[in-house]
Protein chains: 2
Amino acid sequence: MPKPVVGESARRRRRPTKSGVVLSEGLIVRTALRMLREHGPAGLTVRRLGLALGADPSTLYRYFRGVDDLTLAIGDLLIGRAMDGWRGGGDWRAGLRDLGLRIHAAYLEHPQAAVLTASRISGKAHEIAADEAILGLLRGAGFPDHEAVGVYHTFIDMTLAFAALDAASLALPAEAREADEEIWRATYARLPRATHPNIAAVAPLLVAHMNDSAYPAALEMLLDSAASRLTRPISRPAKPGQV
Amino acid sequence: MPKPVVGESARRRRRPTKSGVVLSEGLIVRTALRMLREHGPAGLTVRRLGLALGADPSTLYRYFRGVDDLTLAIGDLLIGRAMDGWRGGGDWRAGLRDLGLRIHAAYLEHPQAAVLTASRISGKAHEIAADEAILGLLRGAGFPDHEAVGVYHTFIDMTLAFAALDAASLALPAEAREADEEIWRATYARLPRATHPNIAAVAPLLVAHMNDSAYPAALEMLLDSAASRLTRPISRPAKPGQV
DNA sequence: CCGGAACGTCAATGGCGTTGGCATAAGGTG
DNA sequence: CACCTTATGCCAACGCCATTGACGTTCCGG
């Protein structure tokens, strides 16, 4: 029996659970998001989600094929929130910067979901809308098609890559995250000048800055690089590696 | 009782397991890495690792505080392999490019492990060696300390971020990865010009390039940006976001 | 008002990481 | 060689986890 899971549209009989709650796909996803934010990365389990909803855990399998299915639904919500209220028009640079920071921020709002979904291609409506917007900004600015695709590719992958990396730190259990941050003080800041002269020389700067995100700096670099190509076109960088 | 776990150096009594294997931290980590490659990301559990080693699962807790500790050790092994055979000296640009591509490639050699470790800071020997090398290149090139730290931060985070993103695609189950790649042809390449003019205009270029890694291009951008700061210093980009 | 399907619940399965107690063999010491 | 200490490997158990199949209840279309 290959798991039915009737679609949300075909769902009719809204039988309340023992505790009186009437379930729906939307309610479950929203509750899951809230649990992730409020109770941390380990806070979301099927059992706890059922408990929070006032329903038996197994009930959720009437709505999602499994945890992975639920995760993808959450991810779809994330992309939508990133684009929510976005208005096109204006400078291509400002537009790209805004889009990048929006996507980055939206993912960091829900790190656990971000980690699971940032590297996936959904092909769903919100994702396509974002891609169309980015390409529109670049082509509207006058980039020839192959340049536009190159910048687009670097832009979206860099944004998602940083979103995933930064989200992964936030998604760690509190103790592991604190341990990571402590390493800058406890290990790097105490390396002897004799064996590690360069780290020793800049240790205070490392402690001060390494727990910030490097994405804004990387994004500006990308925008600078793209702008310089626009005014005086240069050839693309040598042989991109296969992945 | 806060879990002892004697260090590898202080370890003396090498009592063989029931199956005759003599354990060591290195053997455990290498076995774990092999299991990750052969059996996928979900293939590594303490129980299975114990089985593969011919030892009781609980024995591993004599060597690692827990799975998290083991994960960090695996990550350091990856960095060690990236740095293996690296020789300093020469142009700072060439040196940074080489280091970046080495780290990126080393992580992609073990995608499942990369996904687990790319966002972590271990503070172990190989990681420190890599950081010292990067900072040495930058300070040796004449970057003032705060610039060197800024470039270092962007460089290492960008490299690890792309490594994690690209590795995540490779680490997906084959069917899911193929489904993701197919979306470029099945969805993006078929969007009507009327509703998505920009995607439609460049669809063939997207299909041709989107499954490559954007890391080499991003890396060149970073090197260009750093070089321009070296010849004619500019201020750092505005207020990096907190993470 | 009746039959079937949708739905929530229950109980159970097989996994997981981790822990505390226990037997033992390795190493230092004489 | 004999003795003692203790690091080490093993065992059994705990409390989680996701997932499933059977079962009874409730709702809707006819």
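Chain naming here is simple, since letters A, B, ... match the order of the sequence lines and numbering starts at 1 in each. Just so it is clear, the values below take in all heavy atoms, side chains as well, and ignore hydrogens, waters and symmetry mates.
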| Would you say B:Tyr61 reaches C:dG20's phosphate, i.e. side-chain N/O to OP1/OP2 under 4.0 Å? | no

B:Leu49 CG to C:dG15 P, in whole Å, measures 17 Å

Testing D:dC10, C:dC7, C:dG17 for proximity to the side chain of B:Ser58, the answer is D:dC10

Q: Record whether the side chain of A:Arg47 comes under 3.5 Å of the base of D:dA18 through a donor-acceptor pair of N or O atoms.
A: yes

Rounded to whole Å, CG of A:Leu60 lies from C1' of C:dG8 at a distance of 11 Å

Rounded to whole Å, CG of B:Leu23 lies from P of C:dA25 at a distance of 16 Å

Rounded to whole Å, CG of A:Asp68 lies from C1' of D:dC17 at a distance of 16 Å

Measuring to OP1 and OP2 of D:dC10, would you say a side-chain N or O of B:Thr59 lies under 4.0 angstrom away? yes

In this structure, CG of A:Leu170 is separated from CG of A:Asp166 (nearest 0.5 Å) by 7.0 Å

Here the distance between atom P of D:dG9 and atom CG of B:Leu27, to the nearest Å, is 11 Å

### Message
Quick one, B:Arg81 and B:Leu33 - any side-chain contact, counting heavy atoms below 4.5 Å?
### Response
yes

Discussion item. Under a 3.5 Å cutoff, is there a donor and acceptor pairing between the side chains of B:Asp157 and A:Tyr215?
Written reply: no

In whole angstroms, the gap separating P of C:dC10 from CG of A:Leu51 amounts to 13 Å

note: A:Asp56, atom CG; D:dT19, atom P; distance rounded to Å ~ 14 Å

Check your understanding: Is there a side chain to side chain contact (heavy atoms under 4.5 Å, CB included) between B:Met210 and A:Tyr152 once you walk through the steps?
Key -> CA-CA 10 Å; B:Met210 285 310 290; A:Tyr152 156 78; 3.8 Å; yes

Winner on side-chain proximity to B:Ala55, out of C:dG17, D:dC10, D:dA18, is D:dC10

Rounded to whole Å, CZ of B:Arg62 lies from P of C:dC22 at a distance of 14 Å

